[in-house]
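Down below is the structure, laid out as structure tokens.
First listed ligand is number 1; within each ligand, the first listed atom is number 1. All figures in this text were calculated on a predicted structure; none of them were measured in a lab.
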Amino acid sequence: MSTEKNILVLNCGSSSLKFAVINSTTGETKITGLAERLGSNEATITVKFNGNKQVTALVNNNQHLGAIEYLVSELHANDLSESLTAVGHRVVHGGEVFTSSVVINDDVITAIEKTSGLAPLHNPANLVGIKAAQATFPALPQVAVFDTAFHQTMPQKAFMYAVDNDLYKEKGIRRYGFHGTSHYFVSREAAKHLQQDAEQTSLITVHLGNGCSICAIENGESVDTSMGLTPAEGLVMGTRSGDVDPGLIIYLMNQHNYSAKQIDDLLNKQSGLLGLSKLSNDCRTLEDAVFGDDVEKHQQAKLALDVFCYRVAKYIASYTVALSHLNAIVFTGGIGENSNYIRTQIINQLSILKIALDEKQNEAARFGSAGAIQASDSQFKVLVIPTNEEWVIAQDAAQLSESK
Ligand code: ADP
């Protein structure tokens, strides 16, 4: 029998389920996987274990429960189920109710259900995962970790929209922010790197992945972040526009007969890097086109990446307003961790703040390498820190289930 204490981390989308078993102390990942197209005849589950990757069709039960049942059989087969001490669930929206992670009970489930209106695509899927895991692992404590919780320290001046105040009071319409576990994780890692207390460390953390957001962190607490009521606000993303004039929506509805569904698709699925470039939502593809021989593709990709980088630089400069001091700017997420090109394009636009990069260190900090990349005469430090949201979920689940 195993003496290790591992946490099963689940991240349920409407038709997907990502999972990992993680040692909460070391962060070591024992097994990972992804079930996709759940609910359809093409449902598959991919499991990675010991360097092997295996894809299996979910034929008989293609729902979330079926994926969890398959996952359980894999855990048994690989001697991992005995070592599980808790299940940690990523939950997208915690509204104003959840300011930190919680052990799940009936009241918590009711509160997550009540918040579902704010995240109609995500929270119901998260609840499906919670209920399936409760049915499968009745003896294990289940813990919910919210994407929004870290940002609940934002002051009102940062989280209010300047619209009729009744919308906030009566309908909870305000800025919530997302990617909280990532901003939290990299801020703690940055403080370690800087050899100072997280509670005395002020940062601008820049998460650039498929979704992108930026966070101003004053003495360890989120004081502003770029995503809002939904994850559509703020930076340019893979397929999301980020900030647009709200008048654009009214214009499209009134002058071009767009429906709510068409606007939703436009701003969330057909915009961002994909919409601007007409080539791809993937930063690697666009960088290849920028450096490639095809002049038209070069121009399309360059435009998309220019808009992307300019928006990030503008946000970084504006977030200096939210902070009393700034110890470092931190890049993370698939793009932030890997693209020295994007980091250069962003930081080059911040020369008025006397921030500059050391190009050699910038080039070296890729593919999992962390570290400082600023030039010796840069006024502010610039760090690259790989994020690890699953580890945060595992740590919270371990801590809360032990103290229960
Ligand atoms: P998610 O938000 O889905 O977790 P990731 O954080 O994995 O996404 O980020 C995905 C993005 O990272 C994609 O745009 C991808 O092109 C980009 N990316 C990954 N590796 C590189 C790289 N070496 N250079 C540039 N961009 C990269």
Side-chain angles (χ1 to χ4, degrees), residues 9-20 29 32-36 46 48 90 92 121-122 125 145 147 177-186 189 205-215 225-227 230-242 268-292 297 300-302 304-309 311-312 330-347 362-370 373 384-393:
V9 176
L10 292 182
N11 179 357
C12 261
S14 52
S15 63
S16 69
L17 185 158
K18 270 193 209 160
F19 60 87
T29 301
T32 60
L34 170 66
E36 296 172 278
T46 306
K48 286 188 198 162
R90 176 186 179 217
V92 167
L121 295 179
H122 294 101
V145 180
D147 265 14
F178 298 86
H179 283 155
T181 44
S182 176
H183 291 295
Y184 169 83
F185 178 80
V186 297
E189 291 298 304
T205 51
V206 187
H207 179 115
L208 306 177
N210 276 317
C212 300
S213 71
I214 174 166
C215 185
T225 191
S226 57
M227 286 177 167
T230 75
E233 190 180 336
L235 302 180
V236 176
M237 314 186 205
T239 61
R240 286 176 233 156
S241 62
N268 285 307
K269 296 184 184 154
Q270 298 152 13
S271 295
L273 294 177
L274 174 68
L276 279 164
S277 70
K278 295 290 198 177
L279 293 172
S280 174
N281 64 325
D282 194 297
C283 185
R284 279 166 295 201
T285 310
L286 297 184
E287 281 189 36
D288 288 346
V290 165
F291 292 106
K297 281 189 179 164
Q300 288 167 287
K302 177 94 173 41
L305 294 183
D306 281 354
V307 176
F308 180 91
C309 294
R311 181 86 54 89
V312 178
V330 182
F331 283 102
T332 193
I335 300 173
E337 291 165 27
N338 295 308
S339 177
N340 51 323
Y341 172 78
I342 295 287
R343 295 189 301 240
T344 301
Q345 300 308 307
I346 293 167
I347 296 297
N362 185 28
E363 259 179 68
R366 302 179 72 197
F367 312 126
S369 294
I373 58 169
V384 175
I385 299 192
T387 195
N388 194 337
E389 289 156 286
E390 285 80 12
W391 193 10
V392 176
I393 297 173

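Side chain of N340 to backbone of N362: no donor-acceptor contact under 3.5 angstrom is found. Remark: side-chain polar atoms of T332 are paired, donor with acceptor, to backbone N or O of T387 under 3.5 angstrom. Counting only distance, with no hydrogens or angles, the side chain of S16 and the backbone of A35 share no donor-acceptor pair below 3.5 Å.
Of the candidates H179, R284, E337, it is R284 that places a heavy atom closest to atom 21 (C) of ligand 1.
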- Just do the side-chain contact (heavy atoms from CB on, under 4.5 Å) check on R343 and R366 with the steps written out, would you? CA-CA 11 Å; R343 295 189 301 240; R366 302 179 72 197; 3.9 Å; yes

- Item | M237/M227 under side-chain contact (heavy atoms from CB on, under 4.5 Å): CA gap, chis, key distance, verdict | CA-CA 11 Å; M237 314 186 205; M227 286 177 167; 3.8 Å; yes

- List the steps, then state whether side-chain contact (heavy atoms from CB on, under 4.5 Å) holds for T285 with E287. CA-CA 6 Å; T285 310; E287 281 189 36; over 6 Å; no

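The shortest heavy-atom distance from Y341 to ligand 1 is not under 4.0 Å.
Taking a cut-off of under 4.0 Å to the non-hydrogen atoms of G211, the atoms of ligand 1 that pass are 2 (O). For ligand 1, the atoms closer than 4.0 angstrom to any heavy atom of F367 are 23 (N). Interface of S339 with ligand 1, defined as ligand atoms under 4.0 Å from a residue heavy atom, comprises 25 (C). Here is the list of ligand 1 atoms found below 4.0 Å of a heavy atom in E287: 25 (C).
Protein heavy atom nearest atom 2 (O) of ligand 1, with residue, atom name and distance: N210 N, 3.0 Å. Considering only non-hydrogen protein atoms, atom 14 (O) of ligand 1 sits nearest to C283 N, 3.1 Å. G334 N, 2.9 Å is the protein heavy atom nearest to atom 6 (O) of ligand 1. For atom 11 (C) of ligand 1, the nearest non-hydrogen atom of the protein is I335 CG1, 3.7 Å. Atom 16 (O) of ligand 1 has its closest protein heavy atom at D282 OD1, 2.4 Å. N338 ND2, 3.4 Å is the protein heavy atom nearest to atom 20 (N) of ligand 1.
Protein heavy atoms are found inside the 4.0 Å sphere centred on atom 23 (N) of ligand 1.
Residues that satisfy the side chain to side chain contact (heavy atoms under 4.5 Å, CB included) test with T181, not counting sequence neighbours, are V145, D147, E389, V392. Under the rule for a ring-ring contact (aromatic ring centres under 6.0 Å, His included), F308 has no partner lying at least two apart in sequence or in another chain.
For the atom pair NZ of K302 and CZ of F291, the computed distance is 9.5 Å after rounding to the nearest 0.5 Å.
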